[in-house]
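Step one of this worksheet: look at the structure below.
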Amino acid sequence: MSAGKQVFVVGGSGMTGKKIVELLCENPAFSRIVLFGRRTINLPSAPPHLEQKIVDFDKLSDNQGLFSGFDVGVCALGSTLKGSTREIYKKVDYDYVVATAKMAKNCDVKTFCLLSASSADEKSHFYYIKIKARDREKPSLGYTLLTNLLKPTMYFTARLQIQDTDIAKALITTSLNNSKKGTIPLDATQMKKIADGYNN
């Protein structure tokens with residue numbers, strides 16, 4: 001396979017994460033795709049340039065060079081509210097996310113794509129929304145170049161429903177666009193527009 005971008009994905013086992021992985025595998029712009037997770041994912045039709053590696057997110061700092069050599073990082077980590085304690089939710093949706101972003105920055109990963117929530121608000125009384133709004137959406141994550149912050153409003157808004165496929169298409173499209181710098185927040189309407197023009 002000809003040289004292309006190398007991308008890693010954390011959170012590839014969720015609904016949106018799986019769709020992101022599927023489209024990455026189909027896109028010729030990416031020559032290497034690595035999934036980091038607590039367990040491997042069953043992918044019957046996985047291409048040869050896709051790898052899966054087990055990682056302990058609680059000990060991420062023990063693997064300082066884990067993300068070296070990658071052009072793009074994708075973070076779709078998230079836990080479900082059902083059956084999760086506040087401690088577990090914070091660990092997955094905040095601690096792991098921030099640790100992943102900071103390590104990616106230290107490994108010189110130029111583009112970091114983060115799936116978040118548009119309703120995120122630090123002042124919210126709703127714990128889910130408050131955690132989503134913490135450092136994961138701030139420059140303290142360390143990125144000064146392209147950072148794609150996808151905020152799908154829990155996958156829909158009052159006017160627009162957005163599917164996992166559209167979110168994945170928007171993420172991949174913007175991850176390949178190096179013409180813009182800084183944090184680029186994308187809401188559901190913007191993602192749908194980008195997805196409509198997707199061409200791999």
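FYI, the numbering just counts along the sequence from 1. Just so you know, these numbers use all the heavy atoms, side chains as well, and skip hydrogens, waters and symmetry mates.
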I want to check something: taking the side chain as every heavy atom from C-beta on, are [X] and [Y] in contact at a cut-off of under 4.5 Å?
{"X": "Ser175", "Y": "Val74", "result": "no"}
{"X": "Ile172", "Y": "Leu176", "result": "yes"}
{"X": "Asp58", "Y": "Tyr96", "result": "yes"}
{"X": "Phe30", "Y": "Gln6", "result": "no"}
{"X": "Met103", "Y": "Leu66", "result": "yes"}

Is there a donor-acceptor contact under 3.5 Å linking the side chains of Tyr198 and Asp166?
no

For Val21 and Leu50, run side-chain contact (heavy atoms from CB on, under 4.5 Å): C-alpha distance rounded to whole Å, both residues' side-chain angles, the deciding distance at 0.1 Å, then the answer.
CA-CA 9 Å; Val21 172; Leu50 183 140; 3.8 Å; yes

Hey, are Lys18 and Asp164 close enough for a salt bridge, meaning a charged N less than 4.0 Å from a carboxylate O?
no

Whether Phe70 and Phe8 hold their rings parallel, tilted or perpendicular, with breakpoints at 30° and 60°:
perpendicular

Distance from [X] atom [atom1] to [Y] atom [atom2], nearest 0.5 Å?
{"X": "Asp196", "Y": "Met191", "atom1": "CG", "atom2": "CE", "result": "12.5 Å"}
{"X": "Ile167", "Y": "Ile20", "atom1": "CD1", "atom2": "CD1", "result": "7.5 Å"}
{"X": "Lys169", "Y": "Lys19", "atom1": "NZ", "atom2": "NZ", "result": "8.5 Å"}
{"X": "Thr174", "Y": "Gln190", "atom1": "OG1", "atom2": "CD", "result": "10.5 Å"}

Measure across [X] and [Y] and return the closest heavy-atom pair with its distance rounded to 0.1 Å.
{"X": "Val72", "Y": "Val109", "answer": "C-CG1, 3.7 Å"}
{"X": "Ala168", "Y": "Leu23", "answer": "CB-CD1, 3.7 Å"}
{"X": "Gln52", "Y": "Ile41", "answer": "OE1-N, 2.6 Å"}
{"X": "Leu77", "Y": "Thr100", "answer": "CD1-OG1, 4.3 Å"}
{"X": "Asp71", "Y": "Gly4", "answer": "OD2-O, 4.2 Å"}
{"X": "Ile54", "Y": "Thr40", "answer": "CD1-N, 3.6 Å"}

Flag, side chain of Glu51 to backbone of Leu35, donor-acceptor distance under 3.5 Å
no

Does the Ser68 side chain pair with the main chain of Gly65, one donor and one acceptor, at a distance under 3.5 Å?
yes

I would like to know whether Val55 and Arg38 meet side-chain contact (heavy atoms from CB on, under 4.5 Å); could you show each step before the answer?
CA-CA 6 Å; Val55 64; Arg38 291 173 288 185; 5.8 Å; no

Centroid separation Phe67 to Phe36 less than 6.0 Å
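Aromatic pair counts; centres sit under 6.0 Å.
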
Could you go through Leu115 and Leu171, starting from their C-alpha distance and side-chain angles, then the distance that decides it, and tell me whether this counts as side-chain contact (heavy atoms from CB on, under 4.5 Å)?
CA-CA 9 Å; Leu115 185 63; Leu171 182 147; 5.7 Å; no

Before giving the answer on side-chain contact (heavy atoms from CB on, under 4.5 Å), spell out for Phe112 and Lys105 the whole-Å C-alpha distance, their side-chain angles and the decisive distance to 0.1 Å.
CA-CA 8 Å; Phe112 190 77; Lys105 175 62 178 177; over 6 Å; no

